[in-house]
Undergrad: 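I'd like to ask some things about the structure below.
We name chains A, B, ... by the order of the sequence lines, and we start the count at 1 in each one.
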Amino acid sequence: MQDYLEGLNPAQREAVINTEGPALVIAGAGSGKTRVLTMRIAHLLSKNVAPFRILSLTFTNKAAREMKNRIAAIVGERTANYLWMGTFHSIFMRILRIEAKKLGYPSSFTIYDTQDSKNLIKSIVKKMKLDSKIYKPGEVYSRISSAKNSLVVPKAYANDKERMELDRFSRKPRIHEIYSRYVSECYKNGVMDFDDLLLNTNILFRSHPDVLQKYKKQFDYILVDEYQDTNLSQYLIVKKLGEQHKNVCVVGDDAQSIYSFRGAKIENILNFRNDYNGYRLFKLEQNYRSTQNIVNAANSIIHKNSNQIKKTVFSEKPEGNRIKVFNAYSDMEEGLIVAKDIFETRMREQASFSDFALLYRLNVQSRIMEDALRKKNLPYKIYGGTSFYQRKEVKDMLAYFRLVVNPNDEEALKRIINYPVRGIGKTTMEKVESFANSVNQPIWSVLINPAITNIGLNAGTLKKLRTFSDMIQQFMQMVNSLPAYDAAVEIANGSGMRRLFQTDTSIEGQGRMENAEELLNGIQEFTESKKEEGEDNSLADFLEGVSLLTDQDTDKEEDKNKITLMTVHAAKGLEFKYVYIVGVEEGMFPSSMAIESTKGLEEERRLFYVALTRAEEQVTISFAKSRLKYGELSFAKPSRFVGEIDQKYLELTGDNILPASGRKKSSQRLNSFQSRNIQAGETQRPAFNYKKTKRTDEPKVSFNYSGSSSSNIKEGMEVLHERFGKGKVINVSGELPNTKATVFFENAGQKQLLLKFAKLKILN
DNA sequence: CTCCTATAGCTTTTT
DNA sequence: GCTATAGGAG
């Protein structure tokens, strides 16, 4: 228990053991930030602080999970489980469910994801007879989101000169009305969007001092990771909860603040000193991750930003290689160069695929890289883009679950009322909706209201609606009486979803089927493990956990040894031996959206800093002179960021990298090729026929565990589970097809699994 | 009401 | 290049 303090450097140790009073930990990239946070919590626990008195907030589920695992390894799983540790969104969702009634919400409120919110906005815009070309759902959504994150409720919005001015200026003066309707719709439907989870927490704390009192009394110690990424809403929650015990420890790095677009305020960390009197400052400046070259190069560029807390990040690792810079003629060539380099590096250094990461600014860039990697037969995994939970078939299934848990969830209802097709079309829904509006009731209550017979629908249509609502009511009873998995299977069958997938024999249809099954498998695992732990395992409970999950959270065992493809944003907090940053061109990185303002540009620079500092050994930067955008060829020049890195840390590679004239003096190099190319963003028709590479529709993640059928699994065998990893079979029981195996997993502990669902792979 | 085809519009970044 | 929507035929 004591040895956890060993191996910490003096600065880290100070940050760990000084647990009383406010603390600001400025943690440079790779300086062991997570380690300090974990140890600090372990230290608190060793001083007999009860785990449920510690609140620890992160931004991603992944970060929370990792930290919890590390702590569990020190203090044991039982203790760790009592910690209040999770993302802002999940922790405050938990609190909001407990206190929902006080805000007039059902505690079974469901969550709208971004798409649901946009759909709702779209229908409001339509109802208000506004032009959806002007009031684009995405833009309106971000205005509303920004307001919510600044705690500006609809009423305040109308009085907010600046916001109203901006809306008038962008010719969208009625956004505040849309906002107001949006909020009342959500309230009426018993749903919250992502921002509501934080906003409503603030409202709860403000309107119910007793509730606030309860929680601020409970949380003796509060820890916040990535503090530079908090928005006003999050900032205020932390401040309120911390005002009693004042043991607020925030950890962050202003140089890595990259989320201003979703309301993050870098000022929160810059102003910590003003908010928390008598705070202590701890600076972690030694980078344990990267070579000196990488750290120095990253420093040389981040110092170009004006607004930052002074610190000197340094490395004592070997000097290392210079940053390689590749130049390609086209995006396709860029992909091939990178793929080739990965292949060669891996051979030369005897590295594994998981040591490599390919980072880009935009998700769309992944495609071209995928093509190249596939051509070279290199295995990869992609994070981001359309995640598992955003796939249509998965969302459809989840919509059924949502509707059953909360029948007023209108986006869920609209999504599936005619899916699979049951003859309830647009006209019918318009009638039903307008009636619902006229009596100011949710659609669902209209459906089950006898008055529906008088709204001008014919008998056939009424019967279809009736059949649908009967079905949903039946599902509702199941959800109350059955565990999640059984209810989910009933719903999949009863709704006709399963039949729909089964009868579709096309490649895509099979993919949908596999995804739907994968979802059911997930529910099966959830149901079993909750049962074991003696916790609730209804479908509602499953839905609660899943609504805030993202792609990042589903780490598959089979994906372990693969090249990682992700956006730079998604890579924050991660590290890889070899990092490739691709598409480093003007207009791309920095993004053309950001180059107008200093603020935007500085954030892009920080983002670039994040990209560089992901690497342990080698950074490779590449850019292409031309690339396909919207199916059209466009030209770009290299990013200014390449020029901003001190030249002595760069190694310009490849024959085509520079015009002959620029070869002599290194200082002239970049200037000459920066000015030489055609303006960024200019597009023109290709003069030649660009060969189209048809993308074979290979699923990004494959779910088949080929070869070993689970039926011959015996006691004592080593097996591999896609989520739990490696484990040993302790016991096999039950008759086919319901054979159960008890497996002890190295990382996940003992689990009981139904062999027909758990895709176990036999290892030896 | 459903299915099919043409076309507009599009790209930050994520909980 | 891709996807979401609108419009038209059955």
Undergrad: Please determine whether ring-ring contact (aromatic ring centres under 6.0 Å, His included) holds for the pair A:His569 and A:Phe261, giving the CA-CA distance in whole Å, both sets of side-chain angles, and the decisive distance to 0.1 Å.
TA: CA-CA 12 Å; A:His569 281 90; A:Phe261 69 91; 5.7 Å; yes
Undergrad: Start at the 5' end of DNA chain B and walk down; is the nucleotide closest to A:Ile258 or to A:Val421 reached first?
TA: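 Counting from the 5' end, the first nearest nucleotide belongs to A:Val421.
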Undergrad: Might you point out which heavy atoms bring A:Val191 and A:Asp196 nearest each other, and give the distance in Å?
TA: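 Shortest heavy-atom contact: O-OD2, 4.4 Å.
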Undergrad: Would you say a side-chain N or O of A:Lys426 is under 4.0 Å from OP1 or OP2 of B:dT2?
TA: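 No, outside the criterion.
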Undergrad: What's the gap between B:dT13 and C:dA4 when it is taken at their P atoms, as a whole Å value?
TA: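 It works out to 15 Å between them.
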Undergrad: Can you see if the side chain of A:Asn363 gets near the phosphate of B:dT13 - specifically, an N or O under 4.0 Å from OP1 or OP2?
TA: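 So the side-chain polar atoms of A:Asn363 do come within 4.0 Å of the phosphate oxygens OP1 or OP2 of B:dT13, strictly under.
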Undergrad: Is there a side-chain contact between A:Thr428 and the phosphate of B:dC1, meaning an N or O under 4.0 Å from OP1 or OP2?
TA: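 For B:dC1, OP1/OP2 do have a side-chain N/O of A:Thr428 under 4.0 Å.
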Undergrad: For C:dC2, take OP1 and OP2 only and decide whether either is under 4.0 Å from a side-chain N or O of A:Arg367.
TA: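 Yes, within the criterion.
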Undergrad: Listed in order of residue number, which residues of residues 133-141 of chain A have a non-hydrogen atom at under 4.0 Å from DNA chain B?
TA: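 Heavy-atom cutoff 4.0 Å gives A:Lys133, A:Lys136.
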Undergrad: Among the candidates B:dT13, B:dT15, B:dT11, find the nucleotide nearest to the side-chain atoms of A:His569.
TA: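 Selected nucleotide (nearest to the side chain): B:dT13.
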Undergrad: Just checking A:Phe589 against A:Phe623, ring centres under 6.0 Å apart?
TA: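 No, ring centres 6.0 Å or more apart.
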Undergrad: Can you tell me the distance, in whole Å, between the CG atom of A:Asn119 and the P atom of C:dT3?
TA: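 After rounding, the reported distance stands at 17 Å.
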Undergrad: Can a side chain N or O of A:Thr567 be found less than 4.0 Å away from OP1 or OP2 on B:dT14?
TA: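 Yes.
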Undergrad: Tell me whether A:Tyr630 is stacked on the nucleobase of B:dT11, counting only the six-membered base ring and applying the 5.5 Å and 30° thresholds.
TA: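 Not stacked: fails the 5.5 Å / 30° test.
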Undergrad: Are OP1 or OP2 of B:dT15 and a side-chain N or O of A:Asn231 less than 4.0 angstrom apart?
TA: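 No, outside the criterion.
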Undergrad: Can you tell me if A:Thr427 touches the phosphate of B:dC1, counting only side-chain N or O atoms and a distance under 4.0 Å to OP1 or OP2?
TA: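 The answer is yes; a side-chain N or O of A:Thr427 sits under 4.0 Å from OP1 or OP2.
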Undergrad: Using a 4.0 Å heavy-atom cut-off across all strands, classify A:Phe88 as base, sugar-phosphate, or nothing.
TA: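 The residue A:Phe88 makes no contact with any strand.
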